[in-house]
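What follows is a set of notes on a single structure, which appears directly below.
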Protein chains: 2
Amino acid sequence: MKEPTTRQKKILDYIRDFISEHDYPPSIRDIQLGCNVSSTSVVDYNLRALERLGYLRRDREVSRAIELTAAGGKRPRTMAVPIVGQIAAGQPIPVPDTDEFPNPDYSDAIEITEEMTGGREGLFALRVKGVSMIDALINDGDIVVMEPAKTADEGDMVAVWLKEEEEVTLKHFHHEGDKIRLQPANSTMPPIYTAPDNVEIQGKVVCAIRPMR
Amino acid sequence: MKEPTTRQKKILDYIRDFISEHDYPPSIRDIQLGCNVSSTSVVDYNLRALERLGYLRRDREVSRAIELTAAGGKRPRTMAVPIVGQIAAGQPIPVPDTDEFPNPDYSDAIEITEEMTGGREGLFALRVKGVSMIDALINDGDIVVMEPAKTADEGDMVAVWLKEEEEVTLKHFHHEGDKIRLQPANSTMPPIYTAPDNVEIQGKVVCAIRPMR
DNA sequence: TAGTTAATGGAACGCTTGTTCGAATTAAGT
DNA sequence: ACTTAATTCGAACAAGCGTTCCATTAACTA
């Protein structure tokens, strides 16, 4: 792709900054002033060039209808993941009813970039209570983002409810013969071997986040 | 806070959807058409009400200058944190030269919501190499977001370079008498006691993120 | 040197859009 | 029933704003 000129780069940066600050795009005359361009027609000229190069999109005849594309540095999309409850060793995790979406109105939520979610839908988050997940390298207060799931692929990190032990745990999921091997993320810790009908997969772990207070 | 009326809720939803679709806010007449309102003045009237209620902000006399606030469902702000290198036990962490900002043009970056950064500036991120940070409950491949710092407050989790041992470690920082106590996040692990002139603080850990492949 | 294309300036035109005003309608309170 | 406030309407005004046209300058090519 052909590179934008110095002036076009400047305009692109200005649009980026303007949107970041105002949450709405600049007008042509805003750009004119902000980039020391002498005429609106020059701005229009360069915007057309940038549009042709694929850095932005415009709705003609509509004021401020400038939309930056990915190449132009579009703001990444995020999604609000509701924090639906806690996860602790002694109780199954609360999996939200997907029918209730999209208006669960939970008290708290966390924003995750699409980069993290990988486009997955229906995610929910749990706040870790206690240090029982320490072998998954997950601490008290951490937040785990989960995807509802009943089954898992080899190696997925999942939240499983162990029926016999009556506890939930976060482990990497593996088949091993006619048993299930649940491997802690901390590879120095020993795995758990158990029968398939003792494990109930409650969700896949999408990512874990540890905010420092 | 007083609740918006049915019509105002409808307008709010319309604005949200419009921005989500177009990446720029609607004009008053867009809202008029989209919400089946008979007059632009009614839209203006209700926008004023919504503004007074704190659901949005407007720049007067500027077209499409509608900005949704948090209450109104504003898209959260994010910042791109450059991944400037790796963190491993055997080498000091690469702290970026803050003078180079804001155009380091690193190959990779991670988007963090302002909710995480707490408004902090100049952050950088490191990819963890190896399992040497396991006592900080941080695994191989995790990403730690850091804030440049030469000093730390009690309890902060910091990246410290231990001169004598010639290694970097992530610990909670505490003063204890004339010594420094470096406490692992995993409270079952023993702390390190060392002399103040043996520790060189390289940055504060803002948060840790573990994407699942 | 002449000719072509890219880039810039300046100005004016006309649609877009926020604003305002008076009046009508409805809701709420006394 | 009367008053007052809250909403809605329709219309018109004025500033905002994208567009267009023409002239000018610079860079490149034949």
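In this text the structure is predicted, and so the values were computed from the model without any measurement. What's counted below: heavy atoms across the whole structure, side chains too, no hydrogens, waters or symmetry copies. Convention: sequence-line order gives letters A, B, ...; per-chain numbering from 1.
Spacing between atom CD of B:Gln32 and atom P of C:dG18 amounts to 11 Å, rounded to whole angstrom units. When the P atom of C:dA7 is taken as reference, atom CG of A:Leu47 falls 14 Å away, rounded to whole Å. For the pair A:Arg48 CZ and C:dA6 C1', the computed distance is 15 Å after rounding to whole Å. In this structure, A:Asp30 atom CG and D:dG18 atom P are separated by 8 Å, rounded to whole Å. Straight-line distance from the CD1 atom of A:Ile31 to the C1' atom of D:dG16: 14 Å, rounded to whole Å. In this structure, B:Ile28 places its CD1 atom 17 Å from C1' of C:dC15, rounding to the nearest Å. For the pair B:Lys9 NZ and D:dT7 P, the computed distance is 13 Å after rounding to whole Å. Taking atom CD1 of B:Ile66 as the reference point, atom P of C:dT17 lies 11 Å away to the nearest angstrom.
Residues A:Lys171 and A:Asp135 are paired through a salt bridge, judged by an N-O separation under 4.0 Å between the basic side chain and the carboxylate. A salt bridge is defined here as a Lys NZ or Arg NE, NH1 or NH2 lying under 4.0 Å from an Asp or Glu carboxylate O, and A:Asp153 with A:Lys204 meets this definition. Salt bridge absent: A:Lys10 and A:Asp13 never bring a charged side-chain N and a carboxylate O closer than 4.0 Å.
In this structure, the nucleotide among C:dG18, D:dC17, D:dT8 sitting nearest to the side chain of A:Ser63 is D:dC17. Of the candidate nucleotides C:dG18, D:dT20, D:dT8, D:dT8 has the atom nearest to the side chain of B:Tyr45.
Using bins of under 30°, 30° to 60° and over 60° for the plane-to-plane angle, the ring pair A:His22/A:Phe18 lands in the parallel bin.
A side-chain donor-acceptor contact under 3.5 Å links A:Ser27 and A:Asp30.
Distances shown here put every side-chain N or O of A:Arg58 at or beyond 4.0 Å from the OP1 or OP2 atom of D:dC17. Here A:Asn46 reaches the OP1 or OP2 of C:dT8: one of its side-chain N or O atoms lies under 4.0 Å away. Taking 4.0 angstrom as the limit, A:Arg29 places none of its side-chain polar atoms (N or O) nearer than this to OP1 or OP2 of D:dT19.
Other residues, nucleotides and ligands place more than 12 heavy atoms under 6.0 Å from the CD atom of A:Glu200.
Residues of residues 34-43 of chain B having a heavy atom closer than 4.0 Å to DNA chain D, listed by number: B:Ser38, B:Ser39, B:Thr40, B:Ser41, B:Val42.
Evaluation of the side chain to side chain contact (heavy atoms under 4.5 Å, CB included) rule for A:Glu51 yields A:Leu56, A:Arg58, A:Arg60 as partners, not counting sequence neighbours.
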